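These notes are about the structure you will find just below.
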There are 2 protein chains.
Amino acid sequence: MPASNPESMSVQTEAKPKAAERIRRAARELFYRQGIRAIGVEEIVTQAGVTKPSLYRSYASKDELAAEYLRDYEQAFWKVFEAGKETHPHDARAQLMAYFEGLAQRATQPGYRGCGLTNAVVEYPGDDHPARKVAQAHKRKLRARLVALCEAMGSKAPEVLADGLLLLLEGTYASGQLFGRQGPARSLVAVAEQLIEASIA
Amino acid sequence: MPASNPESMSVQTEAKPKAAERIRRAARELFYRQGIRAIGVEEIVTQAGVTKPSLYRSYASKDELAAEYLRDYEQAFWKVFEAGKETHPHDARAQLMAYFEGLAQRATQPGYRGCGLTNAVVEYPGDDHPARKVAQAHKRKLRARLVALCEAMGSKAPEVLADGLLLLLEGTYASGQLFGRQGPARSLVAVAEQLIEASIA
DNA sequence: TGACGATGTTACCGATCGGTACGTATGATC
DNA sequence: GATCATACGTACCGATCGGTAACATCGTCA
């Protein structure tokens, strides 16, 4: 950055021209599909069409790259989760159920791999791993958001309902990878409706 | 086995005197607590107080040892799951809820690591891994058992109820490792009761 | 006693792991 | 056209991975 003309660089302020972004994308795909521990950095850079030093110029370690992958994953998650806000404004229940319906479909597709954030927690039991920290922080946020939604839909016991819905969500993530097309995720919407109904009536 | 006196060997018919059993126990503990991929065979034999050749005399490979670990895990699971049969004979609902209550307690303990079988599926996405095969077969059995229990308790839609309960179970396994003591698993029993009630009434 | 099966010891294999030292191409600026 | 920072590639590091060969030791039972 040699002095003048600060607006010469486009949107990206931090130095991330191309290689880093390609690595991100490759890591995202490989980490999600195969698991973080199962994928070596060599495989990532090969898939990205770059070399190892390029990876370590943009990311401090494989663990940090994994954490970055999860940050990207979380951002994408919220986009999907909050998509119902536009289609069903002022209707918390419809917003929530829109996500549940989409999830139920995805989770009954063969090759479904569940939630990248939950999977990372399974892969790294130790509290100190950076990837796990990202995942746990996200799940706390998700839980709080669910409570808010349950309150908005007039639940008599919003915390309990939110707990129940969260259990259903995590159960869907897990059993989606366990069972194929006719897995228990097919009943997710019906069961969630029952819980909501019982908590509102 | 040199001919005569076939009853000379005690209970264990297969050759498994001591080393193999110690390996089994060490593997079970380490695989469960830290994950299969995270544990090397060196660590297992060290913990077991044996050496690597002893491991490979009893188990063909690390993958096979992992599968054996899951077979042991499954056996232990069924013991816990079916424990309600004795305390509540002829009462499917009470049998099931006994397991749910115990699980809810365990899953809200710090350091809880979820279900070893589900975790293995997360660690090994590929269909060909022996450990994954064991886990998937078990989950299918569990699902069938849940359907039978739901029928026995007079559910109007046993498959849907069983699906819902299975989602709650898997959700508890997962969120037990995500949240600490005040995790959503604390509401497991209440939520399960709601689902059962709604499916029977 | 002697033979055998199971276990322990030591040293090693090729492959892959995450990570890095160091030289080279590129592209804008003066 | 010389300069200089940036970005990239070649080649390599030590450590660890799962797995094995060869041999010594021990206890058991005939």
Side-chain angles (χ1 to χ4, degrees), chain A residues 1-10 12-24 26-27 30-31 34-69 123-124 126 128-131, chain B residues 1-10 12-27 30-31 34-69 123-124 126 129-131:
Chain A
M1 200 193 308
S4 62
N5 205 12
E7 67 273 16
S8 69
M9 27 180 155
S10 61
Q12 42 200 3
T13 311
E14 295 296 320
K16 289 228 179 126
K18 214 159 34 174
E21 192 49 39
R22 289 234 294 278
I23 292 168
R24 251 178 136 96
L30 291 171
F31 279 160
Q34 319 239 125
I36 298 172
R37 291 200 116 111
I39 293 296
V41 291
E42 192 74 54
E43 205 163 342
I44 295 173
V45 298
T46 301
Q47 171 95 1
V50 300
T51 55
K52 257 198 277 190
S54 283
L55 192 157
Y56 285 98
R57 272 175 216 120
S58 300
Y59 306 96
S61 62
K62 185 199 174 183
D63 290 351
E64 264 309 319
L65 175 60
E68 200 65 16
Y69 145 63
E123 285 202 89
Y124 294 98
D128 48 344
H129 197 286
Chain B
M1 202 194 304
S4 63
N5 206 11
E7 66 273 18
S8 67
M9 23 181 158
S10 62
Q12 41 200 4
T13 311
E14 295 297 319
K16 289 235 177 119
K18 214 162 33 178
E21 191 52 38
R22 288 234 294 278
I23 292 167
R24 251 178 136 97
R25 270 200 258 275
L30 291 170
F31 280 160
Q34 320 241 125
I36 298 172
R37 292 200 115 111
I39 294 297
V41 292
E42 192 74 55
E43 206 162 339
I44 295 174
V45 298
T46 302
Q47 170 96 1
V50 300
T51 53
K52 253 197 282 188
S54 281
L55 192 157
Y56 285 98
R57 276 177 205 122
S58 300
Y59 305 96
S61 63
K62 184 198 176 186
D63 289 351
E64 263 310 318
L65 175 60
E68 200 65 15
Y69 145 63
E123 287 202 88
Y124 294 97
H129 197 284

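Every chain is numbered from 1, with letters handed out A, B, ... down the list of sequences. Everything numeric in this text was worked out from a predicted model, so none of it was measured.
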Validation row: V45(A), T51(A) side chains within 4.5 angstrom (heavy atoms): no

Any K62(A) side-chain heavy atom under 4.5 Å of I36(A) side chain: yes

Contact nearer the 5' end of DNA chain C, comparing I36(A) with R22(B): R22(B)

Sugar-phosphate only, base, or nothing, as touched by S54(B) at under 4.0 Å among non-hydrogen atoms: sugar-phosphate

What integer distance in Å separates [X]:[atom1] from [N]:[atom2]?
| X | N | atom1 | atom2 | answer |
| --- | --- | --- | --- | --- |
| K52(B) | dA11(C) | NZ | C1' | 11 Å |
| Y56(B) | dT7(C) | OH | C1' | 17 Å |
| Y59(A) | dT20(C) | OH | P | 16 Å |
| I44(B) | dC17(D) | CD1 | C1' | 13 Å |
| E42(A) | dT16(D) | CD | C1' | 16 Å |
| K62(B) | dG19(D) | NZ | C1' | 12 Å |
| R37(A) | dT16(C) | CZ | C1' | 16 Å |
| I39(A) | dG18(C) | CD1 | P | 10 Å |

Nucleotide nearest P53(A) when distance is taken to its side chain, options dG8(C), dT10(C), dT10(D): dT10(D)

Candidates dG19(C), dT9(C), dT10(D) - which lies nearest the side chain of T51(B): dT9(C)

Nucleotide-level pairing of DNA chain D, given in dot-bracket where Watson-Crick and G-U pairs need both distances under 3.5 Å and | marks other strands: ||||||||||||||||||||||||||||||

Just how far is it from atom [atom1] of [X] to atom [atom2] of [Y], taken to the nearest 0.5 Å?
| X | Y | atom1 | atom2 | answer |
| --- | --- | --- | --- | --- |
| K52(A) | I44(A) | NZ | CD1 | 11.0 Å |
| E64(A) | L55(A) | CD | CG | 12.0 Å |
| Q47(B) | L30(B) | CD | CG | 4.5 Å |

Nearest heavy atoms of S54(B) and V50(B), plus distance in Å: CB-CB, 4.3 Å

R57(B) (side chain) and dG8(C) (base): donor-acceptor pair under 3.5 Å: yes

Presence of salt bridge, R37(B) and E123(A), under 4.0 angstrom: no

